[in-house]
Protein chains: 2
Amino acid sequence: MDEPFTPPSTEIVAVWTALMRASRHLRDAVEADLKQAGLPPLDWYDVLWEIEQAPDGIRPNALEPRLLLPQYGLSRLIARLVAAGYVTRRPSPGDRRGQLLHLTEAGRSVRRAMWPVYGAALTRSFVGTAAEAEAPRLAALLNGLTGKAPRPQAPIA
Amino acid sequence: MDEPFTPPSTEIVAVWTALMRASRHLRDAVEADLKQAGLPPLDWYDVLWEIEQAPDGIRPNALEPRLLLPQYGLSRLIARLVAAGYVTRRPSPGDRRGQLLHLTEAGRSVRRAMWPVYGAALTRSFVGTAAEAEAPRLAALLNGLTGKAPRPQAPIA
DNA sequence: CCGATATTGATGCAGTTGCATTTACATGGA
DNA sequence: TCCATGTAAATGCAACTGCATCAATATCGG
């Protein structure tokens, strides 16, 4: 029943290594900029952003698939955000297991402070590369890899 | 002196998010397969591979830039590989600070055992996607992002 | 040769992650 | 109603990471 194992083509291997290198490289660059600006790490941004997009609050389990984080990872990340005073937990109406997350003023503020640093790092990374000119095609190809729909999620503003 | 901050274009943001999602997704998939097969994590493969490519041994500081790992990260990873019996450290001739890393038989063997699982996960991830057909272009675009030359490094064989 | 400086690799510590399990509540069926 | 099962979120523990620093060389200038 075992397939005899068809190795991936060299082209696929080349894409794979390029993908791993590029993503690590870019992420490291952004993280470094944030840290050097005395701002929280990249993960925080995404969570703050998602919560901000939900003015009526959002539950952790709704956040989880959007952020591609494991349940316990998100749980602890939220705990840190709460400890930092950026997020509040409120009881979830109708389900006492759940909680509704809201941003505090400080949360909104730090998210806004992060964006210029974040965005500048992105701009710096892409401008002048071939990837900039071909961005739409590149995005489409990458999205094709993750199975399904390109999430509406975007760290804009 | 501060630039007024030009936000990245929506196209760049789209590429960025697609890149982050795709890379995490694929890496998770490969890691999951390796773990489920009772094999070591992906990082180990790269190190084992690089050491295997150097029949006369290689020094950690030479490995470091190839693997995009921080010095202390590599140091401890090597320590784990040594503890697992996959790698040996030998004194580096001519520089008593350094060490020469060699693969043991077990190391060669586990690296070989990982490859089918690793490769199959890659194949599964790419086959049938648009990225497969456009692999060379995609790789070129991604390599354009990491500044310089596309390393000869490839996890083949 | 000597001392200042640079390089190689390791390590103590605090913070973070993965894994498995736990606690609390919800839901559906007898 | 009561129990079995399912879901939401948290947590104990071990492993791993980042950061700063260290010890042991090596190298370079005088």
Side-chain angles (χ1 to χ4, degrees), chain A residues 24-25 27-47 50-51 54 57-84 86-102, chain B residues 24 27-47 50-51 54 57-84 87-102:
Chain A
R24 239 204 299 197
H25 209 266
R27 171 172 269 271
D28 286 356
V30 176
E31 293 278 22
D33 280 14
L34 287 171
K35 171 163 311 179
Q36 132 141 20
L39 291 167
L42 197 40
D43 285 355
W44 289 35
Y45 187 92
D46 296 338
V47 180
E50 291 288 349
I51 297 177
I58 188 169
R59 292 180 55 176
N61 65 48
L63 236 39
E64 194 183 316
R66 291 182 159 282
L67 294 170
L68 219 45
L69 283 177
Q71 181 270 323
Y72 54 81
L74 181 56
S75 174
R76 292 203 253 227
L77 178 43
I78 290 169
R80 273 171 252 144
L81 290 171
V82 170
Y86 296 154
V87 168
T88 56
R89 309 187 217 237
R90 301 196 214 163
S92 170
D95 188 342
R96 282 187 302 174
R97 292 168 306 180
Q99 54 191 242
L100 275 183
L101 305 174
H102 293 264
Chain B
R24 238 204 298 197
R27 171 171 270 270
D28 286 356
V30 175
E31 293 277 23
D33 281 15
L34 287 171
K35 170 163 311 180
Q36 132 140 19
L39 291 168
L42 198 40
D43 284 356
W44 289 35
Y45 188 91
D46 296 338
V47 180
E50 292 288 350
I51 297 178
I58 188 168
R59 293 180 55 174
N61 66 45
L63 237 37
E64 194 183 316
R66 291 182 159 282
L67 294 170
L68 220 46
L69 282 177
Q71 181 270 324
Y72 54 83
L74 181 56
S75 174
R76 292 203 254 227
L77 179 42
I78 290 169
R80 274 173 252 144
L81 291 171
V82 170
V87 169
T88 56
R89 311 187 216 236
R90 302 196 215 161
S92 172
D95 188 341
R96 281 187 304 175
R97 292 167 307 179
Q99 55 192 240
L100 274 183
L101 305 174
H102 292 264

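Per chain, numbering begins at 1; letters A, B, ... match sequence-line order. Remember, it's a predicted structure, so these values are computed and weren't measured experimentally.
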Quickly work out the [X] [atom1] to [N] [atom2] distance and round it to whole Å.
X	N	atom1	atom2	result
B:Ile78	C:dG9	CD1	P	8 Å
B:Gln71	C:dA6	CD	C1'	14 Å
B:Leu81	C:dG9	CG	C1'	15 Å
B:Leu63	C:dT8	CG	P	13 Å
A:Trp44	C:dG15	CH2	C1'	12 Å
A:Arg97	C:dT22	CZ	P	19 Å

Given [options], which nucleotide is nearest the side-chain atoms of [X]?
X	options	result
A:Pro70	C:dT17, C:dG18, C:dG9	C:dG18
A:Asp43	C:dA26, C:dT8, C:dT17	C:dT17
A:Tyr72	C:dA20, C:dA10, C:dT11	C:dA20

Inset, instruction - Evaluate the criterion side chain to side chain contact (heavy atoms under 4.5 Å, CB included) for residue pair A:Leu69 and B:Arg24; output intermediate values, then yes/no. - result: CA-CA 10 Å; A:Leu69 283 177; B:Arg24 238 204 298 197; 3.7 Å; yes
Inset, instruction - Answer with base, sugar-phosphate or nothing: what part of the nucleic acid does B:Gly98 contact at a heavy-atom distance below 4.0 Å? - result: sugar-phosphate
Inset, instruction - Remember a base hit wins even if backbone is also touched, and classify B:Gln99 as base, sugar-phosphate or nothing at under 4.0 Å, heavy atoms. - result: sugar-phosphate
Distance from [X] atom [atom1] to [Y] atom [atom2], nearest 0.5 Å?
X	Y	atom1	atom2	value
A:Leu34	A:Trp44	CG	CH2	12.0 Å
A:Asp46	A:Leu68	CG	CG	10.5 Å
A:Leu101	A:Thr88	CG	OG1	7.5 Å
A:Arg90	A:Gln99	CZ	CD	12.5 Å
A:Leu81	A:Ile51	CG	CD1	6.5 Å

Legend entry - Polar side-chain contact A:Arg76-C:dG18 base: donor and acceptor under 3.5 Å: yes
[N] phosphate, OP1 or OP2, under 4.0 Å from [X] side-chain N/O:
X	N	answer
B:Arg89	C:dT8	no
B:Asn61	C:dT7	no
A:Arg80	C:dT17	yes

Inset, instruction - For DNA chain D, note the earliest and the latest nucleotide, 5' to 3', having some atom under 4.0 Å of a heavy atom belonging to chain A. - result: D:dG6 to D:dC19
Inset, instruction - Would you mind telling me which residue lines up with the more 5' stretch of DNA chain D, A:Asp95 or A:Lys35, judged by nearest nucleotide? - result: A:Asp95
Legend entry - Side-chain ion pair, B:Arg27 and B:Glu31, N-O less than 4.0 Å: yes
